[in-house]
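Shown next, in structure tokens, is the structure this report addresses.
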Amino acid sequence: MELQSSLLAEDNRPSTSSRRGRTRVYGGTDERDMTDAVQNRNESARQAANVLYASRSNSNDPIPRQSHSNGMAAAGVSERELKFSSVRRMFCLLTAFDFLLMLLLWIIYINIIGLGIRNGMICQVINYDFKTSMFDVVALSFVRMGLLLIAYAGFKSRHWAMVAITTAITSALLLSKVFIYDFSYDAHKEDKCVLYTDVAHPVDYILLITSFTLAWIEVWVLDFKVIPRERRMLASVHHHSISQSGNSERTPLLSEQNTYRSPTLYGGQQGFYSPIGTPKESDTESESGEESPYSGSYKTGFQSLPNSQRGSSVNLAASIQEQEYIQKAKESTKIMDKVLATKEGWVMEKQSDTVTLDSHTFEGITGKVYRLMGDVPIAAEQLVHILWEDIDNTRQWNNTVLEVKTLQQIDDHIDIIYTQAAPGPGNVVASRDFVIVRNYWERGDRHQCSSIGAEHPAKPPTDNIVRGYNGTGGWVIEPVEGDQTKCKFTWLLHSDLKFKVWTPQAIIDTALCHVLFEMHSNLIKHVRKTYLDSTTVSVDETGDAGNQPS
């Protein structure tokens, strides 16, 4: 009877369905039990992941040595630079220069006032008096040099505390000396070491002002140059080390801390970005079925992005490394749109009859963003062919580059290129090389290509040439309304030339403005020679921008 009652109860239960050999019961306590089982399983998985990550975090060497070396290579940082950076060496040399300059000025001073080296040592050092001697300024610079070298060369400190202490002591003593020192030399009646005159000597003021100025320059160099640059360098190496050691399909499951957001010049959170939508008809193929003579990523009937770039979170066809490149490309697109949307605040740098070059500084972007605008006497599609599809032949017409090479084609819209720039005018700026990821798309009749610096294993940094970094830049090509034989050309450039020492902004402006103007001039010459009959185009129409006065 019990067996029969059990069978009848089974028949009265809700319907079941089998999936992958399992029976799922809808309703009743069985559904709650399954929910509890799933929750318990998820909790167990989390605990296991935390144990795995904790064991990895507590290890003495969380990043393998080989991955750390690969990370330095990928970030373009040598082991010597990582141990003692060039900007830190410059700071140490500045402290030594501080002492040597003050010693030289003091020796000149004691000779000018007629004491000489021997009597100067006796009067200003052995018989030192705070009111009449200037040797304390030299001694102060020596103590400052010693403390700073011990802290920042010996212990390699990355904190500003020591330089703040030395500068505060220097400022206090020098300000005290200004009030106490006998600038009128009244003590010469009692002390023969004092200059016999009633007028203060100019070198007295020079010694005090120079010592005060150098002390504050040291603060500025350390706090605004040494520490920020070394922190960025360490962050970059750490990022690439993690990428080398932890790029596996299980890494994101272990901990969110392993998911690294690459530091950029622009700040903010990185996210997938979908550009402005194209017209509704743009997703249809051309009815005629004919392709543009400049076939490739911009066929006549296709103007929108592929599905992998329309805001989708993951492109399953791409590898982990390719996903990083796609993310960088979308990031550059987003920033470039913001730059292009800015209409006010641009400062004129250089201008000719046909070309305008201005610059703008943006919050979150280090350095200037340069914008060149001008017309090109060619159809927009033809210019896109030159700058996008035929990029490997850029060296044939652009003398501002020594090499241009496509390293990898991610898809029809994203590629990675390597460029080596020619030295600047007069070889003031040496040659640089760059690795750039580009993202091209169309918005109606507007062609746009954004770009940003990246790393690629096919072209790691070398010791023979300085590896520069290009921030968000690119170009925009639009047809001229009413004239299909011309197009509007806009070029954005934001480049860090990676100078090892501080370089005046005037030199950077000169170098980058020269590159932009010369590139546009070379482009006009190439268009006129390749696509147009030179006898029908006047020089005034094309404009040799590179030879125009500013």
Side-chain angles (χ1 to χ4, degrees), residues 87-188 190-195 197 199-227 501-502:
V87 68
R88 183 177 289 264
R89 290 196 297 272
M90 181 191 72
F91 173 77
C92 294
L93 289 174
L94 177 62
T95 61
F97 171 78
D98 176 6
F99 167 67
L100 294 175
L101 178 62
M102 298 310 301
L103 179 61
L104 178 64
L105 289 176
W106 179 77
I107 293 174
I108 294 174
Y109 167 71
I110 60 176
N111 280 280
I112 288 177
I113 63 177
L115 290 177
I117 300 296
R118 183 178 179 180
N119 292 331
M121 293 292 294
I122 296 174
C123 293
Q124 300 239 329
V125 180
I126 299 176
N127 300 326
Y128 168 77
D129 187 346
F130 188 75
K131 294 177 61 177
T132 60
S133 175
M134 275 292 176
F135 184 76
D136 49 7
V137 178
V138 181
L140 187 62
S141 66
F142 177 77
V143 172
R144 187 165 61 242
M145 178 191 69
L147 292 176
L148 293 178
L149 288 180
I150 291 172
Y152 299 109
F155 291 97
K156 300 177 183 177
S157 172
R158 289 191 174 93
H159 197 275
W160 45 263
M162 181 56 71
V163 74
I165 293 173
T166 57
T167 303
I169 294 174
T170 299
S171 300
L173 289 177
L174 292 179
L175 289 174
S176 300
K177 195 170 186 66
V178 168
F179 290 101
I180 299 175
Y181 185 74
D182 184 14
F183 286 101
S184 60
Y185 300 113
D186 294 333
H188 69 269
E190 297 83 12
D191 190 352
K192 294 183 178 180
C193 289
V194 178
L195 183 65
T197 180
V199 182
H201 202 284
V203 182
D204 291 333
Y205 299 108
I206 294 175
L207 282 167
L208 295 173
I209 294 173
T210 303
S211 181
F212 185 84
T213 303
L214 287 174
W216 283 97
I217 289 177
E218 289 164 359
V219 174
W220 178 80
V221 170
L222 182 78
D223 201 28
F224 290 92
K225 295 296 180 181
V226 178
I227 295 176
V501 296
W502 177 81

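In this text the structure is predicted, and so the values were computed from the model without any measurement.
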Next item on the list: Can you run down the salt bridge (Lys or Arg N to Asp or Glu O under 4.0 Å) pairs that involve residues 112-125, sequence neighbours left out, and say none if there aren't any?
Entry: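 Listed once each, the pairs would be none.
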
Check: Tell me, which pairs form a salt bridge (Lys or Arg N to Asp or Glu O under 4.0 Å) where one or both residues lie in residues 153-171, sequence neighbours left out?
Finding: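 Applying salt bridge (Lys or Arg N to Asp or Glu O under 4.0 Å) to every pair that reaches into residues 153-171, excluding sequence neighbours, yields R158-E230.
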
Scan the side chains in residues 216-224 for donor-acceptor partners under 3.5 Å anywhere in the protein, sequence neighbours excluded, and list what turns up.
from, atom 1, to, atom 2, distance (Å)
W216, NE1, S171, OG, 3.2

Restricting to side-chain contact (heavy atoms from CB on, under 4.5 Å), what partner residues turn up for [X], sequence neighbours left out?
{"X": "L101", "result": "F97, L105, T210, L214"}
{"X": "V178", "result": "L208"}
{"X": "F142", "result": "F99, M145"}
{"X": "I126", "result": "I122"}

Check: When rounded to the nearest 0.5 angstrom, what distance separates CG in L174 from CG in L140?
Finding: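 It is 6.0 Å, given to the nearest 0.5 Å.
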
Next item on the list: Any chance you could measure C123, atom SG, to D129, atom CG, to the nearest 0.5 Å?
Entry: 11.5 Å

Looking at [X] and [Y], would you say the former's side chain and the latter's main chain have a donor-acceptor pair under 3.5 Å?
{"X": "S211", "Y": "L207", "result": "no"}
{"X": "S176", "Y": "A172", "result": "yes"}
{"X": "T167", "Y": "A164", "result": "no"}

Next item on the list: Can you tell me which residue pairs pass the ring pair (Phe, Tyr, Trp, His ring centres under 6.0 Å) test with a partner in residues 146-177, sequence neighbours excluded?
Entry: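 Only F91-Y152 qualify under ring pair (Phe, Tyr, Trp, His ring centres under 6.0 Å).
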
Notebook entry, point to check: Taking only residues two or more places apart in sequence or in another chain, which ones pass salt bridge (charged side-chain N to carboxylate O under 4.0 Å, His left out) with R89?
Noted result: none

Next item on the list: Any pair with a residue in residues 90-105 that passes side-chain hydrogen bond (donor to acceptor under 3.5 Å, both in side chains), sequence neighbours left out, goes on the list, sorted by first then second residue, please.
Entry: D98-R144

For [X] against [Y], the heavy-atom pair lying closest together:
{"X": "S133", "Y": "Q124", "value": "OG-O, 2.8 Å"}
{"X": "Y181", "Y": "F130", "value": "CD1-O, 3.9 Å"}
{"X": "I110", "Y": "G120", "value": "CD1-CA, 4.2 Å"}

Next item on the list: Name all residues meeting the ring-ring contact (aromatic ring centres under 6.0 Å, His included) criterion together with Y128; count only those two or more places apart in sequence or in a different chain, and write none if there are none.
Entry: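 Scan of Y128 (ring-ring contact (aromatic ring centres under 6.0 Å, His included), adjacent residues dropped) gives none.
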
Margin query: Tell me which one of I169, L175, T170 satisfies side chain to side chain contact (heavy atoms under 4.5 Å, CB included) with L173.
Written below: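 Among the candidates, only I169 passes.
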
